[in-house]
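Only one structure is covered here, and it is reproduced in the block below.
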There are 2 protein chains.
Amino acid sequence: MPLAKIDTFDNSDKQLADIAKALSHPARINILRILNERNSCITGEIVDLIPLSQSTVSQHLKELKRVNLIKGEIEGPRTCYCLNEDVVEKTKSVFTKLFSTFKCC
Amino acid sequence: MPLAKIDTFDNSDKQLADIAKALSHPARINILRILNERNSCITGEIVDLIPLSQSTVSQHLKELKRVNLIKGEIEGPRTCYCLNEDVVEKTKSVFTKLFSTFKCC
DNA sequence: TCACCTCATCGTAGATTTGCGATAATCGAT
DNA sequence: ATCGATTATCGCAAATCTACGATGAGGTGA
């Protein structure tokens, strides 16, 4: 299999871009804020707070889970989501590091 | 015209998501780093440093210019790009503010 | 003027994202 | 066992993104 061009980019830049992608939709930012305020939420509560359908919200949750910014725990018929604090902090430091490399920052 | 659902999201969340989108490709992160190191570059120099075609690089530059992270100045037949330091700093503070709202950060 | 250089834009193809309704799967309660 | 509640997944459509080659627009130098 030939080397895809995207693979030639620096690994940490790929990681950074990937997490930026997870943050690139207002609904997902909104979900992070909600989970921060309430500590934890079941899917239904989030759906009630976001102007999108249940299935769409579920997909956004999946994307946030993909990059581990949130964790979901199954509790009977519900799923309880909360921030993954370790990864949130790590993400903060990744962005901080990026901006600290810029001379102007 | 009906109100699009995306318009119901908080404005600052939309802005944040939009700038995250601009950062969501490793080539664009790479370009920002290059411009930081060299202070300024013409398009051709960036093309030589990035494993993508000239037209593709030009599109990535356009996306970065869309969110004002970079500025391009036409110098005869060339275009000289550099970081827009004000916006880079502003972006840094927007991300810093986001993460500072999280209890764990 | 004319050939050349530089670079943005156009047109296009394929992949990915976003959104929805419908469906399926799982659990709790009756 | 079955019904209802909850939520993930499926299937689909529309939109957007990514990438490229080709083209065009504009400037420079011969």
Side-chain angles (χ1 to χ4, degrees), chain A residues 1-9 13-14 17-31 34-35 40-67 69-82, chain B residues 1-9 13-14 17-31 34-35 40-67 69-82:
Chain A
M1 193 162 70
L3 192 65
K5 282 194 177 178
I6 189 126
D7 290 332
T8 67
F9 288 108
D13 281 358
K14 281 192 285 182
D18 197 45
I19 209 143
K21 183 159 71 72
L23 297 175
S24 73
H25 194 292
R28 294 196 286 265
I29 304 275
N30 201 337
I31 289 170
I34 289 167
L35 291 179
S40 72
C41 272
I42 62 167
T43 306
E45 293 177 302
I46 300 171
V47 170
D48 289 341
L49 293 168
I50 298 221
L52 294 171
S53 73
Q54 181 267 321
S55 62
T56 303
V57 170
S58 191
Q59 277 186 107
H60 285 305
L61 289 167
K62 190 180 181 180
E63 170 69 5
L64 289 171
K65 216 165 46 176
R66 182 185 67 82
V67 296
L69 278 169
I70 66 174
K71 339 181 231 197
E73 213 172 310
I74 295 169
E75 288 183 357
R78 306 144 213 262
T79 308
C80 187
Y81 287 98
C82 61
Chain B
M1 194 162 74
L3 191 64
K5 283 195 176 178
I6 189 125
D7 290 333
T8 68
F9 288 108
D13 282 357
K14 280 192 287 182
D18 197 44
I19 211 144
K21 183 158 70 71
L23 297 175
S24 73
H25 194 292
R28 293 196 286 267
I29 304 276
N30 200 337
I31 289 170
I34 289 167
L35 291 180
S40 72
C41 271
I42 63 167
T43 305
E45 292 176 304
I46 300 171
V47 170
D48 289 341
L49 293 168
I50 297 220
L52 294 171
S53 72
Q54 181 266 319
S55 61
T56 303
V57 170
S58 192
Q59 277 186 107
H60 284 305
L61 289 167
K62 190 179 181 182
E63 170 69 7
L64 290 171
K65 217 165 48 177
R66 183 184 67 83
V67 297
L69 278 168
I70 66 174
K71 340 181 231 196
E73 214 171 310
I74 293 169
E75 286 184 359
R78 310 145 210 260
T79 310
C80 187
Y81 286 99
C82 62

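The figures that follow rest on heavy atoms only: side chains count, while hydrogens, waters and symmetry mates do not. All chains are named by letter (A, B, ...) in the order of the sequence lines, taking the proteins before the strands, and each is independently numbered beginning at 1.
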Length of the [atom1]-[atom2] vector between [X] and [N], whole Å:
X     : N      : atom1 : atom2 : value
A:N30 : C:dT18 : CG    : C1'   : 16 Å
B:R66 : C:dT9  : CZ    : C1'   : 17 Å
B:K14 : C:dT18 : NZ    : C1'   : 16 Å
A:K62 : C:dT17 : NZ    : P     : 11 Å
A:E75 : D:dA8  : CD    : C1'   : 16 Å
B:I31 : C:dC7  : CD1   : P     : 13 Å
A:E73 : D:dA8  : CD    : P     : 13 Å
A:L61 : C:dT18 : CG    : C1'   : 14 Å

Verify the contact: side-chain N or O of [X] to OP1 or OP2 of [N], cut-off strictly under 4.0 Å; return yes or no.
X     : N      : value
A:Y81 : D:dA8  : yes
B:H60 : D:dC17 : no
B:R28 : D:dT18 : yes

Self-check item: Contact nearer the 5' end of DNA chain C, comparing B:S58 with A:V57
Solution: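 Mapping each residue to its closest nucleotide by heavy atoms, the 5'-most match is B:S58.
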How would you label the contact of [X] with the nucleic acid (heavy atoms, under 4.0 Å): base, sugar-phosphate, or nothing?
X     : result
B:I74 : nothing
A:I42 : sugar-phosphate
A:T79 : sugar-phosphate

All N/O pairs under 3.5 Å across the protein-nucleotides 20-24 of chain D interface:
residue	atom	partner	partner atom	Å
D:dC20	OP1	A:K5	NZ	2.7
D:dC20	OP2	B:S53	N	2.9
D:dC20	OP2	B:S53	OG	3.3
D:dC20	OP2	B:T56	OG1	3.2
D:dC20	N4	B:Q59	NE2	3.3
D:dG21	N7	B:S55	OG	3.2
D:dG21	O6	B:S55	OG	3.1

Quiz item: Would you call A:E63-A:R66 a salt bridge at under 4.0 Å N-O?
Solution: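 Between A:R66 and A:E63 there is a salt bridge, with a charged N closer than 4.0 Å to a carboxylate O.
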Quiz item: In residues 17-27 of chain A, which residues come under 4.0 Å of DNA chain D by heavy atom?
Solution: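 Within residues 17-27 of chain A, no residue comes under 4.0 Å of DNA chain D.
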Practice problem: Examine distances only and state if a side-chain atom of A:E45 and a backbone atom of A:I42 form a donor-acceptor pair shorter than 3.5 Å. | Solution: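 Yes, because the side chain of A:E45 sits within donor-acceptor range (under 3.5 Å) of the backbone of A:I42.
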Quiz prompt | Aromatic plane relationship, A:F9 with B:H25 - under 30° parallel, 30 to 60° tilted, over 60° perpendicular | solution =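 The arrangement is perpendicular - the two ring planes meet at more than 60°.
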Quiz item: Are the side chains of A:Q54 and A:S58 in touch, meaning some heavy atoms are under 4.5 Å apart?
Solution: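 In contact.
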